[in-house]
Visitor: 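Below are the structure tokens for one structure; questions will follow.
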Amino acid sequence: MTNQEQLINDLPKQYDHQAAQARQTAFWEEKGFFNSDVNKDKKPFTVVIPPPNVTGALHMGHALNDTLQDALVRMKRMQGYEALWVPGVDHAGIATQAVVERRLFELEGKTRWDLGREALVQRIWDWKDQYQRRIVGQIKALGCSCDWRRERFTLDDVCAKAVRHFFYKLFAEGLIYRGKRLVNWDVTLQTAVSDDEVFHETVAGNFWYLNYPVVDPQEGEPEFVTVATTRPETMLGDVAVAVHPDPAAEFDRVEKELRAKLADCPEREKDEVQAELDDLLQRRVDSLPRLIKLAEMAKAGRKVVLPLQNREIPLVADVWAKPEKGTGCVKITPAHDPNDYEVGKRQDLPAINLLNRDGTYNENAGKYQGLNLKKVRQAVLADLEELGVLVKVEDRVIEIATSDRSKTAIEPYLNDQWFVKMADLAQTAMDAVENGEVKIEPKRYAKGYLDWLSEKRDWPIGRQLWWGHRIPIWYTDATEAELEAAFAGRADVMWSPDESTGGWLVCSQTEDLAEDAVPGRKLIREEDVLDTWFSSALWPHSTLGWPEKTAELDYYYPTSVLITSRDIISLWVARMVLAGYFNTGKKPFETVFIHPKILDKYGEGMSKSKGNGVDPIAVMEKFGADALRFALAFLTTDSQDVRLSLDFECPHCGATVEQTKKNRTLPRIDCPKCKKAFSTQWAETEEDKALPLGPVVGERFEVARNFCNKLWNASRFVMINLEGFEPKAIDPSELLVEDRWILSRLASVAKRVTESLERYKYSDAARALYDFAWDEFCSFYVEISKSRLFDPARRNLAQNVLLTVLDSLLRLLHPIAPFVTEEVWRRLADFAPVRGAVPTQATESVSIAPWPTVDEAAIDPEIEARFAQFQEALRCVREARARQNVPPKTEVKFAVKCDADVAALLDPMKDYFRSMAGAVATGFGPDVEPPVLSSNAAAPGMEIYVDVAELIDVATEIAKKEKEIEKLEGFIKSKEAKLSGGFAEKAPAHVVEKERASLEELKTQRDVNVATLERLRAVAASK
RNA sequence: GGGCGAUUAGCUCAGUUGGUUAGAGCGUCUGGUUUACACCCAGAAGGCCGCAGGUUCGAAUCCUACAUCGCCCACCA
């Protein structure tokens, strides 16, 4: 066997993604193509990965995110940029700690308090190590071209240093403060969570009416004030009852508003609004006098008695109490309700905190101390009822706040909290987008970004967790003089007064302070850690070495583009922009590209809590990484989310097992067909893991896998036929129509792909490549080339063009499908190391091959139009054959009546009609006489007659003609109407001209068909 | 309640600044062992472009209202 034969023998008929991925991954790693270093001769192109949370494994959303980044980075690398993609993972404070704690409790029945800080943190590190490994493995399996030498973790030393410097800088500029704030308290995790981590659920609840006795009621005054509440237990912390200061005016205002609404609301809502209005008017009659009285009493400083606590609390006049709601009076519990907290501040009321960190009630709850919320509520209600204070209970739908992390109820809780002042920082981030320095694509996402920032709400940065960057603050009761003495000459330690204790807050920029750093005084470190986003906000510059003035920071920063998903625009993107400017004086990135979300078959977003996240590995195993990538890129448009309908495939019998909401979270599934069990991505026990994994299948992946295979086989065809090829420059004068056509198409596609990828139009790029490779290169050029390859005189040029096109196609496709293109590229080098229209040595890897330059001169619309005519003629012949059921091996004769130009084009294609349609041409030109009996078709500029002689089924032909004529008549009619109307006068001349020409063409076609029909009818009649 | 997006063939989606007869893949149907590929080839059927108005010579495309679905933000003692 010759070397050549051996190479051909080594080409399997199906693309083997497993082998290719293993081989190319190892090759890339060994060669270090994706390692990037400062190189002043090149322009940098930098991307930092949105670091995935180490909470769990990656799902399809990450696969999409990574694919889009890699496609861009690979193209830029090929375009000659010094391309750097920095990988890494995020410690994801709350989420990760929650997951580890939940597991700890499920498996061992222990809480974090049983373990203690150090042991728990150690457990989380173990978890992190495990998932970081898995995540990195997933990213590598996807083929991502990251520089792994530069991998970062938001909790590693480099990032920690950046965090400390950022905090210190904020502290130094007076932007960090500590205050009492009502926070969202997660009683399970025992930490405050941000508003963004809370979701609201609607549940059935109750509305309890309570009577608080008025102290010393006067003549004509009510003896009770009735308040309504959905949370009766909080009454223990009431400090006032509020009533609107001017209920009559408020009623008027609301009434006016409702009437206005009634006037212009849609018909079907009128009843509802009317009912609301009626209710309001009735309420006014019923309660206004009483509310006015109460407002007066409030202004007079009168009090009521808080039952159970037997505390006198004031009636206050405050606009928060809406006369149209509830009883018109509202109890005020500043420590446990955000709105009441505001009222408390306005009215100068104390805040009585009832809650312990673990969700039980504290000493302020009196005899209810130590009980949890549920029990307090029961007890309070029972006692109130006994006292006769509880006067009414209604059913009511209420909304409760739930923690996104622990899925348990959120309690508003008064707590010390660290904040960053946002006023100026937010402004810089708004300016950057408003003046175009940072671009957001698609542009519509800029609005949400700006709206969120414009609220300039201070950023709560403390988390009552153990997993994270510990806040670098120490409390001390030392005097300022003592601090000055202890830290004399230290530029890295600062302090400011601690308003809540009268002592000092000490902040250290780099190292932790010892307990005895101030002689004779004790330094106590803040327990809290920083919000995860505090460290990820620094990601673009911290990963490049900030605060050190590294060469990397100087060269690679600002980064080029940030590719992420829309749900973290405010949480993450906005904070990166403000932190970037604050720390480095520069924006963190030129552009933010927001990609679609991955939805499941029900149209719901994928999330861990729903369990509908799919491990990309389960898809890649079956279809290959390229198929996954190509499918995702193909689906990435700028307006539509990516809907993926996925199912399981039974590994035993191959049956498709529908993925349902029920079975998609199971670790093992029994195949309904063969009854055998298989495992899923959720398998954890040894027993489940021992079962074969059921791959996840979906139509989109199948299509993409087929495409990869098509490319493989087209490449295989080219390689098999390369024997004897002698590379030499292509002489344009020797090119045939089909050569010029495919080279023109290639140039157009190169242009389109480049532009599309540069504008993040991934779907466009993928589509262009798919159509070109399949419908043009494979279905036409490769087919046409077959007869040329048999002819020694014409062989070399065909080989050269095939090679040229394949070479460029591989390069264009490489960013989206890196493995198959690399596999082919390297094998191709064995067959033809020198190639291309201008012969050059192939690079050792397509990943570092130059990106195809767009050869504008090759783009030839004239030749494309002419070739289209050939394609149309071929299609007509094929259709005629199919319609008449001509056996595949039977050759038919055909002729085309057309003008000399078209004939000149078709004549050299004679061979191809034979090889591609089994048709022998008997003549092209204006003088062709229509045969009496034939299957014919009329296409623009051509009448095509396929002589099927004895085979013809006249009835079928007649039916076909009748249908066609009817259709043509319809078009002609509508066009004539159009041209006789205002169209001819008002539309631009070239459009009218086009329309006239098209009308003429249609008429010709109709006439041809009518003539044929008459002939056919005559034949039918004579039989 | 505020904002954003979607609605096109049985299904999943394209459709560039308004301009010939609205496209693709899957599925369906017909026919195929052509020396790259059955993960393939050739062909066919299938659409009142969500509904109603408007602008225009001309609307899937622009405007208004409505309907349905999804996402984000805010809020309801």
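Lettering of chains follows the sequences in order, A, B, ..., and the numbering in each one begins at 1.
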Visitor: For A:Glu702, which residues count as a salt bridge (Lys or Arg N to Asp or Glu O under 4.0 Å) partner, sequence neighbours excluded?
Guide: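 With sequence neighbours excluded, A:Glu702 shows a salt bridge (Lys or Arg N to Asp or Glu O under 4.0 Å) to no residue whatsoever.
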Visitor: May I ask you to verify whether the side chain of A:Arg444 and the base of B:C4 hold a donor-acceptor pair under 3.5 Å?
Guide: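 Donor-acceptor pair under 3.5 Å: no.
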Visitor: Nearest to the side chain of A:Arg457, which nucleotide is it out of B:C37, B:A74, B:A45?
Guide: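 Between B:C37, B:A74, B:A45, the one nearest the side chain of A:Arg457 would be B:A74.
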Visitor: So which nucleotide from B:C39, B:A36, B:A42 ends up closest to the side chain of A:Ile720?
Guide: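 The closest nucleotide is B:A36.
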Visitor: Partners of A:Glu250 by side-chain contact (heavy atoms from CB on, under 4.5 Å), sequence neighbours excluded?
Guide: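 A:Glu250: side-chain contact (heavy atoms from CB on, under 4.5 Å) contacts with A:His244, A:Arg253, A:Val254, A:Lys322, A:Pro323, A:Glu324.
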Visitor: Using a cut-off of 4.0 Å between protein heavy atoms and nucleotide atoms, how would you tag nucleotides 16-27 of chain B 5' to 3' with B, S and -?
Guide: ---BBB---BS-
Visitor: Taking A:Ala242's backbone N and O only, do any of them form a donor-acceptor pair with A:Asp318's side chain (distance below 3.5 Å, no angle check)?
Guide: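 No; judged by distance alone, with no hydrogens or angles, the pair does not exist.
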Visitor: Look at A:Trp774 and B:A36 and indicate whether a side-chain polar atom (N or O) is within less than 4.0 Å of OP1 or OP2.
Guide: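 For A:Trp774, the contact criterion (side-chain N or O under 4.0 Å from OP1 or OP2 of B:A36) is not met.
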Visitor: Please figure out whether A:Leu644 or A:Ala242 has its closest RNA chain B nucleotide nearer the 5' end.
Guide: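 The residue mapped nearer the 5' terminus is A:Leu644.
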Visitor: Could you pull out all residues at least two apart from A:Phe819 that satisfy ring-ring contact (aromatic ring centres under 6.0 Å, His included)?
Guide: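 For A:Phe819 the ring-ring contact (aromatic ring centres under 6.0 Å, His included) partners, ignoring immediate neighbours, are A:Trp28.
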Visitor: Contact class for A:Trp208 (heavy atom, under 4.0 Å): base, sugar-phosphate, or nothing?
Guide: nothing
Visitor: Show me the side-chain donor-acceptor pairs of residues 754-761 of chain A shorter than 3.5 Å, one per line, residues at least two apart or across chains.
Guide:
{"unit_1": "A:Thr754", "atom_1": "OG1", "unit_2": "A:Ala750", "atom_2": "O", "d": "2.6"}
{"unit_1": "A:Thr754", "atom_1": "OG1", "unit_2": "A:Trp851", "atom_2": "NE1", "d": "3.0"}
{"unit_1": "A:Ser756", "atom_1": "OG", "unit_2": "A:Arg752", "atom_2": "O", "d": "2.7"}
{"unit_1": "A:Glu758", "atom_1": "OE2", "unit_2": "A:Gln79", "atom_2": "NE2", "d": "3.2"}

Visitor: With sequence neighbours left out, write down each residue that passes ring-ring contact (aromatic ring centres under 6.0 Å, His included) with A:Tyr15, or none if nothing qualifies.
Guide: A:Trp712
Visitor: Indicate, with a heavy-atom threshold strictly under 4.0 Å, whether A:Arg566 touches base, sugar-phosphate, or nothing.
Guide: sugar-phosphate
Visitor: Excluding sequence neighbours, so at least two apart, what forms ring-ring contact (aromatic ring centres under 6.0 Å, His included) with A:Tyr770?
Guide: A:Phe634, A:Phe707, A:Trp774
Visitor: Extract the stems that RNA chain B is part of, considering only consecutive pairing runs of at least three Watson-Crick or G-U wobble pairs, both distances under 3.5 Å.
Guide: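 Listed by first number, the stems are B:1-7 with B:67-73, B:10-13 with B:23-26, B:28-32 with B:40-44, B:52-54 with B:62-64.
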Visitor: Whether the side chain of A:Thr890 engages the backbone of A:Val886 through a donor-acceptor N/O pair (distance < 3.5 Å, no angle test) should be reported.
Guide: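 Judged by distance alone, no pair lies under 3.5 Å.
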Visitor: Is any N or O donor-acceptor pair between the side chain of A:Glu783 and the base of B:A36 shorter than 3.5 Å?
Guide: yes
Visitor: For A:Arg875 and B:A44, is the shortest distance between a side-chain N/O and OP1 or OP2 below 4.0 Å?
Guide: yes
Visitor: Would you mind classifying the nucleic acid contact of A:Phe623 as base, sugar-phosphate or nothing, using non-hydrogen atoms under 4.0 angstrom?
Guide: nothing
Visitor: When only distance counts, do a donor and an acceptor, one from the side chain of A:Lys13 and one from the base of B:C37, lie under 3.5 Å apart?
Guide: no
Visitor: Ignoring backbone atoms, establish whether A:Thr637 has a side-chain N or O less than 4.0 Å from OP1 or OP2 of B:A14.
Guide: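 Affirmative; the distance criterion is met.
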Visitor: Could you tell me whether the phosphate oxygens of B:A14, OP1 or OP2, come under 4.0 Å of any side-chain nitrogen or oxygen in A:Lys761?
Guide: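 Answer is no, no contact under 4.0 Å.
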Visitor: B:G5 phosphate, OP1 or OP2: any side-chain N/O from A:Lys447 under 4.0 angstrom?
Guide: no
Visitor: For A:Trp208, which residues count as a ring-ring contact (aromatic ring centres under 6.0 Å, His included) partner, sequence neighbours excluded?
Guide: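 Once residues adjacent in sequence are excluded, A:Trp208 has no partner under the ring-ring contact (aromatic ring centres under 6.0 Å, His included) criterion.
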